[in-house]
Amino acid sequence: MSARRSAMFLSAIALAAALAAPAAAPAQDEPETDAGAAQEAAPAAAPAGARSATGAPPMAVPADFGGSLQVVRAPAGTAGAAAASGGGPEIFPDARRVWMSVRDTDPVPIEAARRGGRWLCSGGGCAAQTGDPGQSPIGDQILRSIKLQTPTLPLPLTVWGRLSEDGQRLLDFDPVLLGRRSYRHVCAYGPVAPVAEAARSPAGAPGVAAAPPRGHADRVDVCRDGRPEPPPPDAGELTLGMQWPRQSEMADFHYLAIVDSCGNARVQPFQRTFTVPVLEVASGGCGRPDGKVLRVFPGGGWLRVTAFNLHEPAAGSVVNATYRVTIPPLENLVESNPARLLFPDPLADDLKVDCGPTPIAPRAAPGSAPPPGSARPPGLAGPAEAPRSPAAGRAPPPRAATGQPPGTPPAGGRQGPTTAAQAGLAPPPQAGLAPPSRAGLGPPRRAPDADPSRPGPQPLAHGAVVISPAPLRLGNCRIRLTGQTKHRLVAPLALHVSLTRTDQLRGGAPIELLQDGTWIVTPSSAEFPLPPLAEDFDGDARLRLAVHSDPLSPQGKVVLLSDAGRVASSLRSSDPGDPERARRLVGSVAIHSVPLCGEDNFETLDAAGSCFRAYLTVPAMLATLQITRAPWVEKPLVTRSVLSAVGVALAIDRYDPVERRAFPVAAQLGGFVQTLGEGRVGLLGYVGVAPTVPILGSGGNTTSFGFLAGIGLEYITNEAGPDEGLKPAAFVSAVVQVGQAAPQVSTSRSASFGTYAGD
């Protein structure tokens, strides 16, 4: 009997130790805090509505849900899901009235509980305790930053969250001019509708789960995302950075639900710091909700953030807690110096330079339509609806019939350009109906493609081009910003243009040829004319044309995306710093200006290559070996006297204007006067070849020494006797030729002095 009593005593001690263990565990799991943080986490100033009448298990540091919008508590001792009765609260506020997407966790238990299935509060034993329904500082502090990410941006850019001097967070940049990322591939669960409305809910739309009737939670299908569309380079994704309040942090929360004011919810695993992607909607209101992405507005708004559990309380009796988070305005219409607008960087082919009378590109007819698939820029209204014929008075098909999910926002306004997939959702034209006549303008005509073999505009893609000097002297050169993104530019963009001469230096630095290179770009004025060049410029020069961004210019209200991270602090500072140091090279081109060959428009080096040039030269013969008729009839004429013959010739050779080097042999067509001795004088017309290797100078200087060989006809006169008449002749002479290939005549696409006559 004594042994039995001892065993019972030991069992009682072990049971008491096991019951005491859970009470000490929370004290060990508390995060490391200093004295100030511990005082902040103390359970003080909890509103009366947030205190539970039921007793909670003792904790070392009880959670404080002060400032919360709502707290749901379960009865003490609840250890599992009760029987489904339909009388309990929802898993998070308005769960049965919003569209929900679930990320990075299993959506089946969450959707089953939302339909009325088994979960902790489905038996009706939980009570929702309402806190302060208005704005609270604790809830607003959950939002820490708003960042922007694009495919071309290496790191996310903070557009809101920088602290000012008085501790207020500021809007650094307005992302209105950027494109919007597509979220059409996201799959979402529809609201839980009553049985009578379930038959009318849209089903079968891509990325949309059918709205099940309330109480049908027996089978939940996994909502799978579709294939995402590849984002364009200028597609921006806004991300909210949030942090759960420290005083109400509970390590046992399993899920987070973020709900916007438009009826869209995003559910993800609980983390104290987390991010949420959102879409900025500028016009058209919320539209129909679809749960694919949360909506925010330029004028501000709010979100509800709920941490919740499904099968056990987080700590004590708390099942979920909801806070209201204020979203700041994403546009600044109050300050005198508002946040600057972000603009995508120009592509390599968007900045182009062109010279000469040839137009930059064939323009479309005044009544022609834009090319198919061109996107309407955000911030601009679409074209007016065409007049409808009486036969077209039928209502358009519903969205479900076209395959477009409900809640797709309107395509206009600041929501970004319409994608090709969205354009494909438009209903086809009805048979038998002619398209609108566009007020008698006829069908749209497509602009003809420019011939790439002809001279034309060249992009500022850090390459090199060749041009004749005439357009630069006359001021017929200009830089243009092209591309579809230019139409989004609703505010001035400041750029800086520099044109320097690099083959000559002044004070050890290249010579700047532009006095004022400020370029303010707007949609109606996207061209920068280069002024006529006269001083420090001649016909044979090397130039560098460069376009820099100018983010700190007071005349600009737009910042390129690549500059925003560098100049964010300078834009908000009272001392913005040196604008020149903040500039960044956007595009450049090296220009080889030569008078010897070239068209009026720019040519690339590959397209230009070498050219044929024609120039006049004066050959002076030092010694000549000449044969007339035949060697067996007449003796060869050998003239050894210096300058025994002087003539003039038209020389044609091949010249590389970039290397400033000619082919070593040139063809000549000319004639000269000979002194043959014994009173004889010869007039010789010939076709021959001669060297072009210069012995003095380079480029246009053609003074050379070498041999001239040719054949022709010669007429010989004699002062002492009868003339010998016309004879055929072949000769080889040692000559010195003096010439200068610097013509001033230049025409387009025709052989002339200083123009392309070959390839």
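We use all heavy atoms of the structure for the numbers below, so side chains are in, but hydrogens, waters and symmetry mates are not.
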- Task: Any pair with a residue in residues 542-551 that passes salt bridge (Lys or Arg N to Asp or Glu O under 4.0 Å), sequence neighbours left out, goes on the list, sorted by first then second residue, please.
- Result: D540-R542, D550-R583

- Query: Should P457 and R480 count as side-chain neighbours, where that means a heavy-atom distance under 4.5 Å?
  - Reply: no

- Item | L472 side chain reached by S593 side chain, heavy atoms, under 4.5 Å | yes

- Is P346 close to L560 at the side-chain level, that is, under 4.5 Å between some pair of heavy atoms? yes

- Message: Are the side chains of L552 and S570 in contact, using a 4.5 Å heavy-atom criterion?
- Response: yes

- Query: Are any side-chain N or O atoms of T482 and backbone N or O atoms of D350, one a donor and one an acceptor, separated by less than 3.5 Å?
  - Reply: yes

- Task: Decide side chain to side chain contact (heavy atoms under 4.5 Å, CB included) for L650 and L616; before the verdict, give the C-alpha distance in whole Å, the side-chain angles of both, and the deciding distance to 0.1 Å.
- Result: CA-CA 5 Å; L650 175 65; L616 295 177; 4.1 Å; yes

- Rounded to the nearest 0.5 Å, how far apart are CG of L153 and OG of S562? 7.5 Å

- Query: Any sub-3.5 Å donor-acceptor pair from T692's side-chain atoms to F663's backbone N or O?
  - Reply: yes

- Query: Does L683 reach the side chain of V673, with side-chain heavy atoms less than 4.5 Å apart?
  - Reply: yes

- Query: Which value, rounded to the nearest 0.5 Å, describes the distance between T518 atom OG1 and D516 atom CG?
  - Reply: 4.0 Å

- Task: State whether the number of non-hydrogen atoms from other residues, nucleotides or ligands found under 6.0 Å of L585 atom CG is greater than 12.
- Result: yes

- Message: Could you walk me through whether D174 and N332 satisfy the side chain to side chain contact (heavy atoms under 4.5 Å, CB included) test, starting with their C-alpha distance in whole Å, then the side-chain angles of each, then the deciding distance to 0.1 Å, before giving a yes or no?
- Response: CA-CA 8 Å; D174 188 343; N332 192 338; over 6 Å; no

- Task: Decide salt bridge (charged side-chain N to carboxylate O under 4.0 Å, His left out) for D538 and R501; before the verdict, give the C-alpha distance in whole Å, the side-chain angles of both, and the deciding distance to 0.1 Å.
- Result: CA-CA 10 Å; D538 53 32; R501 182 167 183 175; 3.1 Å; yes

- Item | For the student: nearest non-hydrogen atoms of F537 and L543, plus distance | CE1-CD1, 4.0 Å

- Apply the test side chain to side chain contact (heavy atoms under 4.5 Å, CB included) to residues V547 and L481: give CA-CA distance (whole Å), side-chain angles for both, the deciding distance (0.1 Å), then the verdict. CA-CA 11 Å; V547 176; L481 177 63; over 6 Å; no

- Can you tell if the side chain of P338 reaches within under 4.5 Å of the side chain of E331, non-hydrogen atoms only? no

- Does a side-chain heavy-atom distance below 4.5 Å link W519 with I479? yes

- Query: Rounded to the nearest 0.5 Å, what separation is found between the CG atom of L514 and the CG atom of L530?
  - Reply: 6.0 Å

- Query: Got a donor-acceptor contact below 3.5 angstrom from the E512 side chain to the L499 backbone?
  - Reply: yes

- Looking only at heavy atoms, which two atoms of T624 and F731 are closest? And how far apart? CG2-CB, 4.3 Å

- Are R584 and D345 ion-paired here, with the side-chain N under 4.0 Å from a carboxylate O? yes

- Item | Inter-residue atom distance S524.OG - K486.NZ, 0.5 Å rounding | 9.5 Å

- For the atom pair CG (D563) and NE2 (H548), what is the distance rounded to the nearest 0.5 Å? 11.0 Å

- Task: For R340 and P551, indicate whether the former's side chain and the latter's backbone hold a donor-acceptor pair under 3.5 Å.
- Result: yes

- Query: Stepwise, does the side chain to side chain contact (heavy atoms under 4.5 Å, CB included) test hold for V735 with M621?
  - Reply: CA-CA 4 Å; V735 297; M621 297 184 180; 3.7 Å; yes

- Under 3.5 Å, side chain of R478 to main-chain N/O of N476, donor-acceptor pair present? yes

- Task: Walk me through it: do Q668 and Y686 pass the test side chain to side chain donor-acceptor pair (under 3.5 Å)?
- Result: CA-CA 8 Å; Q668 289 189 6; Y686 69 94; 2.9 Å; yes

- Message: Please find the pair of heavy atoms, one from D172 and one from A339, that lie closest to each other, and give the distance.
- Response: O-CB, 3.4 Å

- Closest contact, heavy atoms only, A235 versus P151: O-CD, 3.3 Å

- Message: Measuring only between side-chain heavy atoms, which start at C-beta, is L342 closer than 4.5 Å to L157?
- Response: yes

- Task: Rounded to the nearest 0.5 Å, what's the gap from CD on E280 to CD on E237? Could you check?
- Result: 13.5 Å

- Item | Residue pair T617 / V738: nearest heavy atoms and the distance that separates them | OG1-O, 3.4 Å

- Item | Heavy-atom pair with the smallest gap, counting every atom of H462 and G587 | CE1-CA, 3.8 Å

